[in-house]
Amino acid sequence: MSEQDRNQPPHGTPDTGEIQIPLADLIRIRRQKIETLAGQGINPYPYRYERTHQIKDLLAQFDSLAESGTTVRLAGRIMLKRKMGKAAFADIRDASERIQIYVKIDNVGQQAFDLFDLLDIGDIIGCEGTLFITRTGERTLKVQTFELLSKSLHPLPDKHAGLTDVEIRYRRRYADLIVNPEVRELFARRTRIIQIVRDFLNSHGFLEVETPILQPLYGGASARPFKTHHNTLDIPMYMRIADELYLKRLIVGGYDKVWELCKDFRNEGMDRKHNPEFTMIELYWAYADYHDMAGFYEDLIRHTVHKLHGSYKVKFGDHEIDFEPKFRWLTMIDSVKEATGIDFTDLTLELAKVEAKKLHIELDGLFNRGQVIEAVWEAKVEPKLIQPTFIADYPVEISPLAKKNRKDPRFVERFELFIAGQEMGNAFSELNDPVDQLDRFLQSGKALAAGDEEAHPLDDDFITALTYGMPPTAGLGFGIDRLVMLLTGQESIRDVIFFPQMKETKDGSVPVSKILAQIVEEEKK
RNA sequence: GGGGGUGUAGCUCAGUGGUAGAGCACCUGCCUUUUAAGCAGGGAGUCGAAGGUUCGAUCCCUUCCACCCUCACCA
C-alpha cells in the first residue's frame, strides 16, 4: 500500500455536511413523497397484508377467477409504471411471477388515484380487485383498492438493460435478484440440487450430522486456516477446513453411514473457482472401500442430473456432458500411458524425469516420483477429461490420507472424478491404522514446523479415536459450489454463491447510509 | 505475483487536450385498455483515486484502487 493511499480517509469524502450528488436528489424526492403520504395519515411501512393468491396461482386459475368476478388480493414490487391521464398500468412482481395491474380513476376514486401517482418503481404494494383481459390480450388485475406496503428510496437499475456490472451484482446481490429473475432461478436450482443430494443420501441410510465449524484444531485437508480467538477460554480457535476428522470419529463411535453439508473455510487465494468460504459434502461409509464408493457416487451424480434436468445430458461451455453411460474408470498410470504412450509404473525418479522432460513438463520443485507422474498427468490428461471419468490409484507420495493399494504399495486406494476438465470429488479407502496415521501426522508436523503452512497439525484426540478401532471405511468429499456450477453452466463460483467474498472497495463513493442521514438532517430544519 | 482489458448520471453506454452527451430512470404538463406506452419541456456528473505535464486534463504521463480475462501459485 502506498503512502498516498494510506492517507485517504476510509470513504474518501470530506465531511462538508453537504451531499450534492444526483442519487441524493432522487432519494430526496422519494422522501418528500413519504412526507406527503404521512400528511394524509398513511404509514409508508405498514405491518402486514392479507393476500389471497401468489401471482403464479392467480395466472394458473385466471379464467375461472375472471369469469366469476372473484375479488383477489396480491402483493409485490412495482417493476414498471405506465401512466396515462386518468388511468395507469403497472407491472407487479412477487416471488412467483409478474402480472399487470390497471388503476383507473373511475374505479379507485380521485384521492386514491392521486396517491397512486406518488408510487415509484421499486415500491412494494398490495392490491385488491378483479381479473380481466385487456384489449391487447394481457391478463390484468383491475384494481379496486391498493395499499403501499413499503416505500423504496433507491432507484432500481434500468428497466430494460437491467444490472450487468458484475461487481455491483456481487456486492449488492439484492439489486441483482430484484432485476434479474434468472439469477433468482439459478439460486433456486442450487437449493434444488442440494435437496436432491440430501434426499438421495438420506434414502440410502446415510445419517445427516453436524460437527464443529469452530475448532480448537483444524485438519483433514492441506490448507491454511482462518484463525480466531475465544475470549472466555482464552485459546486460539480455527474455522474448519474439512470435516473429515470429526466424521471419522463418528464412524469410530458406531455409525455406519454419516454425511454432512459442510461450510468450510480456507485462507487462500480467490479466483474463478475459489471462494474463501465454500460448501462441500463429505460422507463416510463403514465396511466399504473406494470401489463401493465410486459406484455409489456415480449413482448419486447420475440421479441428481436426471432429477434436475429430466435428462442425462448437460451442456457446459462448448461441451455436452453425457451422464448416462457408465463412467470411465482409469488408473492414473493408465491414463498417462494412453495420452503419452509412456508407462511410468516401474520408472525410477531419474527415468521418470527424463521422460517428463521429453514432454516439455516443468520439473522445478518436484522431488519424488509421484509428483513427476502427477505433473505429467495434469499437463497431458486432466484438461481432456470432459466426460465423467474416475482417475484412480494415485502415487502414495501425493496422497498421505489414503490406504495403500492392496495390489501395489507404491500407489493408494483413491479416486477423483473429473467432469468437463474439473475435479468433482475425491475419495479414499480411509486410513484406519492409528500407528500409520500417527506417523503421517508426525511427518506432517515436521513440515509444519519447517514453515509449510498447509501441513497437518497433530490431532491427538483423532489418534486416540483411531486407537479404539475404526472399521474399514470409504470416504468421499465433493464441492457443492463446483457441482452447481457444472449443472447450471456457470463458469465462476461467484455466480453460484449469493454473497461471494469481495475486496473492500475504496472508490471514494458516498455510502447510501450517509446520504440518507444527511437528508434526514435536512428534513429536520 | 506476471500479462491484457475495463472504470464517464441511479442503470446501460457514447465521447473529447478548451470544465461532457444519449437512452432508460427522475421532475413538470397532456393523455381513461397501455405494455421497452406516447408527445412536449426540464433537472441531474469530484468522467475510479492521488500526483505530474500543460495557460488549461475526463482525455497525455506516473502511482494507486476495484472488477473481468489469462498465466503462475495454491486446493
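Labels below follow one simple rule: chain letters A, B, ... track the order of the sequence lines, proteins then strands, and each chain is numbered from 1.
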Legend entry - A:Phe498 six-ring face occupied by A:Arg173 cation (under 6.0 Å, within 45°): no
Inset, instruction - Return the nearest nucleotide to the side chain of A:Leu23; candidates are B:U70, B:G10, B:C27. - result: B:G10
Legend entry - Given B:G10, B:C74, B:C68, the nucleotide with the shortest approach to the side chain of A:His274: B:C74
Legend entry - Which residue lies more 5' along RNA chain B, comparing A:Thr164 with A:Lys33 via nearest heavy atoms: A:Thr164
Legend entry - Residues A:Lys273 and A:Asp481 bridged, charged N to O under 4.0 Å: no
Legend entry - Electrostatic pair A:Asp106-A:Lys86, nearest N-O below 4.0 angstrom: no
Legend entry - Pair A:Glu182 + A:Arg169: basic N to acidic O under 4.0 Å: no
Inset, instruction - Verify the ring-centre separation between A:Tyr102 and A:Phe132: is it less than 6.0 angstrom? - result: yes
Inset, instruction - Locate the shortest heavy-atom distance separating A:Pro383 from A:Glu378; write the atom from each residue and the value. - result: CD-O, 3.3 Å
Inset, instruction - Classify the nucleic acid contact of A:Ile27 as base, sugar-phosphate or nothing, counting any heavy atom under 4.0 Å across all strands shown. - result: nothing
Legend entry - Atom-pair distance (CD1 on A:Ile493; C1' on B:C74), nearest Å: 14 Å
Inset, instruction - When you get a sec, tell me which of B:C11, B:C68, B:A25 is the closest nucleotide to the side chain of A:Ile121? - result: B:A25
Inset, instruction - Measure the acute angle between the ring planes of A:Phe226 and A:Phe265, then classify it against the limits of 30° and 60° as parallel, tilted or perpendicular. - result: perpendicular
Inset, instruction - Give a yes or no on whether the backbone of A:Gln215 and the side-chain of A:Arg240 come within a donor-acceptor separation of less than 3.5 Å. - result: no
Inset, instruction - Stems involving RNA chain B: give each as a range paired with a range, ordered by first number, where a stem means at least three consecutive Watson-Crick or G-U wobble pairs under 3.5 Å. - result: B:1-7 with B:65-71, B:10-13 with B:21-24, B:26-30 with B:38-42, B:48-52 with B:60-64
Inset, instruction - Kindly say if A:Arg272 contacts the phosphate of B:U70, meaning a side-chain N or O under 4.0 Å from OP1 or OP2. - result: yes
Inset, instruction - Kindly point out which of B:C67, B:C11, B:C26 is positioned nearest to the side chain of A:Arg494? - result: B:C67
Inset, instruction - Would you give a per-nucleotide map of nucleotides 32-43 of chain B, 5' to 3', where B means the base has a protein non-hydrogen atom under 4.0 Å away, S means only the sugar-phosphate does, and - means neither? - result: BBBBBB------
